[in-house]
Amino acid sequence: MTVIRTDDYGRVARERLPADVWDFIEGGSGDELTLAANAAAFRRARLRPRVMVDVSTVDTTRTLLGSRLATPIGIAPTAYHQLVHPDGEVATAAGADRAGALFVVAMFASRTLKDIAAASAAPLWLQLYWLRRRDAIADLAERAADAGFAALVLTADAPRLGRRLRDVRNGFAVDGRVRAVNLDAALMAASHDRRAGASALAAHAAQTFDPSLTWADLAWLRERSALPVLIKGILTGEDAAAAVAHGAAGIIVSNHGGRQLDGAIAALDALPEVVDAVAGACPVLFDGAVRGGRDALVALALGADAVLVGRPPLWALAAGGADGVADLLTGLTDELAHDMALAGRPTLADVDRRLIWGHS
Ligand SMILES: Cc1cc2nc3c(=O)[nH]c(=O)nc-3n(C[C@H](O)[C@H](O)[C@H](O)COP(=O)(O)O)c2cc1C
Ligand SMILES: CC(C)CC(=O)C(=O)O
């Protein structure tokens, strides 16, 4: 198949991956209402292009928390990249590096932070779940700083794992050859424990995630790490304001790709109220159903400083390793630049709400 757009990587990946791994990646929680809503929100958006603007040069560069990026499109944290490619996150990092893109590495990465860092000169951030084992969080935050990671991302929308019915039906467990190598094996054992009619990931989360996480705990993490801490999984203006008040260095508007609370609003629909509540106090990033340059343009116009893609890099990694990831990201960035030109917005500073019909 000729790969010319993001969805094509998905078709190739689906052919290559075991069915239960494909379902783990693609699935949402419950009836997958929020998963569908994320995509539908982008299909509804309509643009107000301007004409007679000099677009002979289009600039997609973006500076985020002091790091200069070639593109405002980065990689969202997703666990266990070795499920789809033997080189795992090292290949993902090499691909992001070639595209000059941000890579948010998951706490449950299957390659070491050091090896991942060695593969990329582009910025890396580390995502954290709030584990009952606080020592493991603090230790990982320290190793991330030592390895040169530039920020931490605390995922706030997972006090327990969403009910992902595909994983339950498949009795999904992480293949024992793929390990979350940055955490000790005993802590992760339940993820590999295959049982019919149950998700090992949900069982593992119930055992190890600390559902008592509140804003007061953010102070604990900030005291233990000099790295800026962003909060991922915010969908309301109230929580955005609280994040700023508690010293978050940034916010990621996200419903976890429709994998946590089913019935939660589409991430795109939450974006304007979060941007209004933050009022420029910190960067606002976005993820959820960005599949093309037009989607990125819409989210940027509604106030996101950058967008992240979750499933597509896994597809691209499965389809083509590091080259696949690099091609995906440069392809998305080319599409963004193309649409910026046709919309009469040659720089990201020109991309604002007036571009979106109904929001101007
Ligand atoms: C297979 C998979 C694994 C994920 N793992 C994590 C994770 O470990 N930590 C996290 O904060 N989010 C995780 N996410 C959520 C993503 O960071 C992101 O919010 C979501 O995938 C964005 O939506 P998209 O896939 O539609 O682009 C995961 C998503 C997928 C699909
Ligand atoms: C291993 C899981 C906790 C990661 C995941 O699937 C998710 O966060 O969606």
Side-chain angles (χ1 to χ4, degrees), residues 6-7 9-10 13-14 17 20-43 73-81 83-84 89 92 102-109 125 127-129 153-168 170 172 174 199 201-202 205 209 230-236 251-271 274 284-292 295-296 298-299 304 306-318 325 328-329 332:
T6 304
D7 292 347
Y9 290 103
R14 185 174 199 161
L17 295 173
D20 65 341
V21 172
W22 173 257
D23 274 347
F24 162 62
I25 293 170
E26 288 312 291
S29 54
D31 293 321
E32 302 189 341
L33 296 178
T34 296
L35 178 64
N38 277 352
F42 278 108
R43 282 197 294 271
I73 304 172
I75 301 181
T78 55
Y80 301 114
H81 288 198
L83 284 174
V84 307
E89 288 81 1
T92 314
L102 170 69
F103 175 21
V104 185
V105 176
M107 177 181 232
F108 298 153
W125 297 355
Q127 173 267 334
L128 301 170
Y129 282 117
V153 171
L154 177 60
T155 299
D157 59 9
R160 51 173 79 184
L161 214 64
R163 246 176 95 70
R164 301 167 188 175
L165 301 182
R166 301 193 205 200
D167 293 348
V168 174
N170 293 335
F172 183 69
V174 179
S199 158
L201 294 179
F209 289 18
L230 297 90
I231 304 289
K232 174 172 182 276
I234 283 183
L235 292 173
T236 62
I251 284 171
I252 305 181
V253 175
S254 170
N255 55 34
H256 215 116
R259 295 159 76 82
Q260 287 301 108
L261 176 64
D262 193 36
I265 54 175
L268 191 69
D269 291 334
L271 181 58
V274 170
V284 175
L285 285 78
F286 171 90
D287 75 31
V290 173
R291 298 292 178 267
D295 302 329
V298 167
V307 302
L308 305 176
V309 281
R311 294 172 179 90
L314 293 172
W315 304 337
L317 184 62
V325 173
L328 167 79
L329 292 167
L332 285 171

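Take Tyr129 and apply the ring pair (Phe, Tyr, Trp, His ring centres under 6.0 Å) test, not counting sequence neighbours, and it matches Phe108, Phe209. Under the rule for a side chain to side chain contact (heavy atoms under 4.5 Å, CB included), the partners of Asp262 that lie at least two apart in sequence or sit in another chain are Ser29, Asp31, Leu33, Thr34.
For Leu332 against Gly292, the heavy-atom pair with the smallest separation is CD2-CA, 3.6 Å. The shortest non-hydrogen separation linking Ala41 to Leu268 is O-CD2, 3.7 Å. The heavy-atom pair separating Phe42 from Ala289 by the smallest distance is CD1-O, 3.6 Å. Residues Ser254 and Ala267 share a closest heavy-atom pair of CA-CB, 4.4 Å. Nearest heavy-atom pair across Leu17 and Leu83 is CD2-O, 4.1 Å. Considering every non-hydrogen atom in both Leu201 and Val174, the closest pair reads CD2-CG2, 3.7 Å.
No side-chain donor-acceptor contact under 3.5 Å links Asp269 to the backbone of Ile265. In terms of modelled atom types and a separation under 3.5 Å, the side chain of Gln127 and the main chain of Ala76 share no donor-acceptor contact. One N or O on the side chain of Arg259 and one on the backbone of Gly27 form a donor-acceptor pair closer than 3.5 Å. In this structure a side-chain-to-backbone donor-acceptor pair under 3.5 Å is present from Gln260 to Asp157. In this structure a side-chain-to-backbone donor-acceptor pair under 3.5 Å is missing from Arg164 to Phe24. Side chain of Glu26 to main chain of Trp22: no donor-acceptor pair is present (N/O by atom type, distance under 3.5 Å, no hydrogens or angles). Panel note: side chain Asn170, backbone Asp167; no donor-acceptor pair is recorded below 3.5 Å. For Arg311 (side chain) and Thr78 (main-chain N/O), no donor-acceptor pair under 3.5 Å exists by modelled atom type.
Looking at heavy atoms from C-beta onward, Asp287 lies out of side-chain contact with Val309 at the 4.5 angstrom threshold.
To the nearest 0.5 Å, atom CG of residue Leu317 and atom NE2 of residue His81 are 7.0 Å apart. Residue Arg43 holds its CZ atom at 9.5 Å from CG of Asp295, rounded to the nearest 0.5 Å. Summarising the geometry, atom CD1 belonging to Ile251 is positioned 10.0 Å from atom CG belonging to Leu285; distances are rounded to the nearest 0.5 Å. Atom CG of Leu230 and atom CD1 of Ile252 lie 5.5 Å apart (nearest 0.5 Å). To the nearest 0.5 Å, atoms CZ (Phe103) and CD (Glu89) are separated by 5.5 Å. Between Arg163 atom CZ and Ser199 atom OG the span is 9.5 Å, to the nearest 0.5 Å.
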message: Before you tell me yes or no, could you show the steps for His256 and Thr155 under side-chain contact (heavy atoms from CB on, under 4.5 Å), namely the whole-Å CA-CA distance, both residues' side-chain angles and the distance that decides it to 0.1 Å?
response: CA-CA 9 Å; His256 215 116; Thr155 299; 3.9 Å; yes
field: Test side-chain contact (heavy atoms from CB on, under 4.5 Å) applied to Val284 and Val253, step by step
entry: CA-CA 7 Å; Val284 175; Val253 175; 3.8 Å; yes
- request: Give the intermediate values and the outcome of side-chain contact (heavy atoms from CB on, under 4.5 Å) for residues Leu328 and Tyr9.
  value: CA-CA 8 Å; Leu328 167 79; Tyr9 290 103; 3.9 Å; yes
- prompt: Which is it for Lys232 and Leu154 under the side-chain contact (heavy atoms from CB on, under 4.5 Å) test, yes or no, and what are the steps along the way?
  reply: CA-CA 6 Å; Lys232 174 172 182 276; Leu154 177 60; over 6 Å; no
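Screening Leu102, Ile75, Val153 for a side-chain contact (heavy atoms from CB on, under 4.5 Å) involving Leu308 leaves a single residue, Leu102. Val290 pairs in a side-chain contact (heavy atoms from CB on, under 4.5 Å) with only one of the listed residues (Val307, Asn38, Val298), which is Val307.
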